[in-house]
Q: 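My structure is below; once you've seen it, I'll send some questions.
No hydrogens, no waters, no symmetry mates; every other heavy atom, side chains included, goes into these values. In listed order, ligands and their atoms are each counted from 1.
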Amino acid sequence: MNNLVAPEINTENLPDKKGYFGEYGGSYVPPELQKLMDEITESYERISNDPSFIKELKELNEHFTGRPSPIYHAKRLTEAVGGADIYLKREDLNHTGSHKINHAIGEVLVAKRMGKKKVIAETGAGQHGVALATAAALLGLECDIYMGEVDVKKESPNVSRMKILGAKVIPVTEGTKTLKDAVDAAFKAYLAHPEDTIYCIGTVVGPHPFPKMVRDFQAVIGIEAKEQMAKLTGRLPDAIVACVGGGSNAMGIFSAFLEDESVRIYGVEPAGKGLDTGKHAASISRGIKGILHGFKCYLIADKNGEALPVYSIASGLDYPGVGPQHCYLHDIGRVRYETATDREAVEAFYALSRMEGIIPALESSHAVAYGVKLAKQMGKGKDILINLSGRGDKDIDFVMEHYPLSEYEPEDYMKDGYDEFLKHIGGEKN
Ligand SMILES: *Cc1c(COP(=O)(O)O)cnc(C)c1O
């Protein structure tokens with residue numbers, strides 16, 4: 001147990017020593033890699049209990065990232081929906097624009113204290129790569145980012161950002177030239193130079209200790225939110241909602257509330273073009289148990305347990321697996337996993353922009369879309385806290401091209417409330 005996550009809020013003190021959350025998680029890697037994972041586990045336990053580490057991390061969170069991120073009462077959205085009060089935890093206001101900076105700084109700080117000179121990671125759309133390159137620049141470590149050649153071409157602003165920040169972007173030309181091949185290439189590079197480098201995962205997945213370590217660094221979201229809600233409303237929220245890709249922003253806000261039985265907790269998975277179209281990435285809602293990237297979880301896979309291609313409008317949510325703690329929390333019934341489609345996410349994207357002046361990331365828009373439905377269901381007098389994991393600047397060109405404003409701009413824009421807005425623009429409403 002470490003001091004980042006106070007024992008009383010880490011439900012059942014999980015994971016166990018071998019990295020299991022119930023039957024999920026663990027470490028399924030070759031022996032040579034297991035040796036390195038054991039080294040990281042041992043170092044992390046030691047470092048994360050060191051008061052000088054905790055102090056340094058807190059200071060960087062405050063002075064570099066800009067924590068605590070505020071909680072904002074979305075009054076106009078609340079009014080339009082006509083149900084529970086909607087509050088937003090503003091992770092979009094962090095430096096670099098999302099929650100990812102929280103674990104990037106934590107991981108690079110651990111790497112530095114382990115005496116490593118370089119951090120290695122893969123990236124898909126480039127968000128994890130940018131966060132890690134930022135943390136590496138801040139703390140003076142080298143940074144190598146492996147990225148599929150296809151993604152390098154598609155995500156040129158993020159590639160430029162990483163290069164400007166001093167990272168080396170290495171295009172991966174094997175296989176489908178996308179995220180999965182980038183993971184393999186990054187692990188290969190790590191195994192070749194384990195003495196002076198370390199691998200940094202971008203969410204609560206992978207072999208032990210990564211799901212625990214990344215969760216611990218994200219737990220600051222929930223710890224702050226609990227205090228802030230108490231100040232704002234004098235009580236706990238009635239429900240918490242977060243989107244789930246790998247599950248790091250969700251574990252971050254959930255972990256502080258797991259023991260509070262009155263708080264209903266919802267994870268929102270991407271239903272893509274619809275759960276029955278096969279074009280989605282809803283690992284818990286539609287997956288089977290399997291092993292991916294060195295850990296056990298619910299997985300979108302074929303009969304042989306091979307991960308299948310997945311899809312979401314939000315590139316940060318399109319991962320075939322999901323963090324092991326989420327699988328456990330699903331099975332014990334503590335957290336409910338729901339879904340939102342691409343279309344619903346875009347509706348929420350425009351709604352929040354127009355009604356609150358906040359352009360949310362498409363990932364976060366999934367949480368907003370479900371949160372709005374829930375607010376209607378729960379009704380007046382209840383409080384819902386939505387984790388706004390990131391800002392939408394990265395998504396504006398894509399949305400304008402594929403979901404043009406004209407379709408979302410009926411004459412009496414939302415004059416009759418959110419329900420009427422949904423009717424105007426049609427699409428799937430589940
Ligand atoms: C990467 C990303 C996510 C998804 O990752 P999780 O580990 O599930 O949190 C969600 N929101 C934003 C803004 C992201 O950049």
Q: Please tabulate, for the side chains in residues 94-107, all donor-acceptor contacts under 3.5 angstrom to protein atoms that are two or more places apart in sequence or on a different chain.
A:
| residue | atom | partner | partner atom | Å |
| --- | --- | --- | --- | --- |
| N94 | ND2 | E91 | O | 3.3 |
| N94 | ND2 | E91 | OE1 | 2.8 |
| N94 | ND2 | S98 | O | 3.2 |
| S98 | OG | K100 | N | 3.0 |
| H99 | NE2 | S248 | OG | 3.0 |
| N102 | OD1 | R67 | NH1 | 3.0 |
| N102 | ND2 | E91 | OE1 | 3.1 |
| N102 | ND2 | H99 | O | 3.2 |
| N102 | ND2 | Q218 | OE1 | 2.9 |
| H103 | ND1 | Q218 | NE2 | 2.8 |
| H103 | NE2 | G202 | O | 3.0 |
| E107 | OE2 | I201 | N | 3.2 |

Q: With sequence neighbours excluded, tell me which residues meet salt bridge (Lys or Arg N to Asp or Glu O under 4.0 Å) with R286.
A: D276
Q: Between K226 and D260, is the closest basic N to carboxylate O distance under 4.0 Å?
A: yes
Q: Between ligand 1 and the protein, find all N/O pairs closer than 3.5 Å and give the distance for each.
A:
| residue | atom | partner | partner atom | Å |
| --- | --- | --- | --- | --- |
| ligand 1 | 7 (O) | T203 | OG1 | 2.5 |
| ligand 1 | 7 (O) | G247 | N | 3.2 |
| ligand 1 | 7 (O) | S248 | N | 2.7 |
| ligand 1 | 7 (O) | S248 | OG | 2.7 |
| ligand 1 | 8 (O) | G245 | N | 2.8 |
| ligand 1 | 8 (O) | G246 | N | 3.2 |
| ligand 1 | 8 (O) | G247 | N | 2.7 |
| ligand 1 | 9 (O) | H99 | NE2 | 3.0 |
| ligand 1 | 9 (O) | S248 | N | 3.4 |
| ligand 1 | 9 (O) | S248 | OG | 3.2 |
| ligand 1 | 9 (O) | N249 | N | 2.8 |
| ligand 1 | 9 (O) | N249 | ND2 | 2.8 |
| ligand 1 | 11 (N) | S389 | OG | 2.7 |
| ligand 1 | 15 (O) | K100 | NZ | 2.5 |

Q: Is a salt bridge present between D92 and R90, judged by a nitrogen-to-oxygen distance below 4.0 Å?
A: yes
Q: Give me each pair satisfying side chain to side chain donor-acceptor pair (under 3.5 Å) with a member in residues 143-157, each pair once, sequence neighbours excluded.
A: K118-D144
Q: So, K55 and E59, do they make that salt bridge, N to O below 4.0 Å?
A: yes
